[in-house]
Amino acid sequence: MTLWKQLKYAQHLTTQEQHIVDYIVQQPQVVFDHNAQQLARLTLTSASTIVRLCKKLGLSGYPDFQLKLALELSPEQRQSLGPSQEQRSVERHLQTISGVYDEALIETQRMCVPAVLERVIRWIGEARRIDVYGSDSNYYTAELACARWNEIGLTAIAQNNANHHYLSSPHMDSSTLSFVISHTGRNRSMLDIARTLKRNNRRVVALTVEGSPLSELCDDTLYTYAQRPGMLGKMYSMMSAQYLFDVLYAGTIADRTELEG
């Protein structure tokens, strides 16, 4: 079987490998215009993933892949196999964002600790009130999480700044569960909120990256995936945090259903 047919009918690939294959099949010329590092950036993957894909196809590495594909396809064939420039642009965006979603969810799931999720879901069930703190784009993630909990009868409020009078209010105790979202874990306002909450004996859960200062201030941490710089990096983080809140929401519904049953 030719390498081109191997690409088109490849099986048993990981999500990232399939994304690379789809990208190449849509625009084969990209293989000859870019090295492995450049192709990795275009596909939002890694050079090691590209090399691993090449080896799955029976080749020694990316240069061998380039050479074999070049021997099979003439420049005219490369151009004729791909769609028009406008189609390539739209399809590239479709593939890119699909890849962002897949990677964010897969990597977030990999970092999840079931025991921590179970504990946080139990805390949600015990809470009389839930506060979710986040600034900028994280505030919209907080609003969506709260809206879903409110739909099933929980009192949940999104907060985007440090209201110290509210944070120190004596009527709030450990029955108020607080979530603090920070993709870097270094946002000063979120760190200040976490410190104030803990100083007043509140129960606090962080949504942040591994090894962040925020994590050290909280009772527990749900780790988000934020490995890439730039604007798309924010998308990874947002999808990761939303995924975690959806898992908590599903767990809350399951717990309530069991109790009602």
Side-chain angles (χ1 to χ4, degrees), residues 14-20 23 37-50 92-117 119-121 131-146 148 158-162 178-195 197 204-251:
T14 66
T15 301
Q16 289 183 313
E17 290 166 351
Q18 188 61 58
H19 175 58
I20 294 166
Y23 194 95
Q37 290 283 357
Q38 292 167 332
L39 181 57
R41 284 196 294 272
L42 288 173
T43 56
L44 299 176
T45 58
S46 66
S48 60
T49 303
I50 291 172
R92 186 184 305 124
H93 298 328
L94 288 169
Q95 293 171 7
T96 295
I97 300 306
S98 176
V100 168
Y101 285 17
D102 287 345
E103 183 177 344
L105 301 189
I106 289 169
E107 292 302 320
T108 305
Q109 183 181 35
R110 182 183 61 80
M111 292 186 290
C112 283
V113 179
V116 175
L117 285 168
R119 183 162 54 248
V120 175
I121 290 169
D131 289 328
V132 185
Y133 296 85
S135 60
D136 301 324
S137 60
N138 289 333
Y139 177 64
Y140 300 108
T141 301
E143 283 191 311
L144 181 56
C146 290
R148 289 183 175 174
Q159 315 275 359
N160 63 1
N161 55 44
S178 299
F179 291 88
V180 182
I181 314 169
S182 174
H183 298 322
T184 64
R186 300 177 187 279
N187 181 297
R188 289 187 179 181
S189 65
M190 294 300 112
L191 289 171
D192 186 33
I193 286 169
R195 288 191 192 97
L197 288 167
V204 189
V205 178
L207 272 76
T208 188
V209 293
E210 292 178 320
S212 77
L214 177 61
S215 181
E216 298 173 5
L217 297 171
C218 299
D219 295 289
D220 239 324
T221 300
L222 300 175
Y223 293 110
T224 56
Y225 179 65
Q227 297 295 321
R228 299 180 182 277
M231 293 303 295
L232 282 181
K234 293 183 179 180
M235 292 187 64
Y236 283 95
S237 300
M238 290 176 65
M239 287 302 305
S240 183
Q242 188 58 61
Y243 172 70
L244 289 169
F245 277 122
D246 285 346
V247 171
L248 296 176
Y249 175 69

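FYI, the numbering just counts along the sequence from 1.
Screening Asn160, Leu144, Val132 for a side-chain contact (heavy atoms from CB on, under 4.5 Å) with Tyr139, the sole residue that qualifies is Asn160. The only member of Leu217, Val205, Leu197 that meets side-chain contact (heavy atoms from CB on, under 4.5 Å) when paired with Val180 is Leu197.
Side-chain contact check for Tyr225 versus Tyr243: every heavy-atom pair is 4.5 Å or farther apart. Taking 4.5 Å as the limit, every side-chain heavy atom of Thr208 sits out of range of all side-chain heavy atoms of Pro213. Two residues are said to be in side-chain contact when any heavy atoms from C-beta on lie closer than 4.5 Å; Ser237 and Thr224 fail this criterion.
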Evaluation steps, side-chain hydrogen bond (donor to acceptor under 3.5 Å, both in side chains), between Ser212 and Ser215: CA-CA 6 Å; Ser212 77; Ser215 181; 5.1 Å; no
side-chain contact (heavy atoms from CB on, under 4.5 Å) evaluation trace for Glu107 with Ser240: CA-CA 8 Å; Glu107 292 302 320; Ser240 183; over 6 Å; no
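Here the CG-NE2 distance, from Leu44 to His19, works out to 6.0 Å after rounding to the nearest 0.5 Å.
Surrounding CG of Asp246 are more than 12 heavy atoms belonging to other residues, nucleotides or ligands, all under 6.0 Å away.
Side-chain atoms of Thr108 come within 3.5 Å of backbone atoms of Ala104 as a donor-acceptor pair (strictly under, hydrogens ignored). Listed for the Asn187 side chain is a donor-acceptor partner under 3.5 Å among the backbone atoms of Ser189.
The two residues Met235 and Tyr101 come nearest to each other via the heavy atoms CE-CE1, 4.2 Å.
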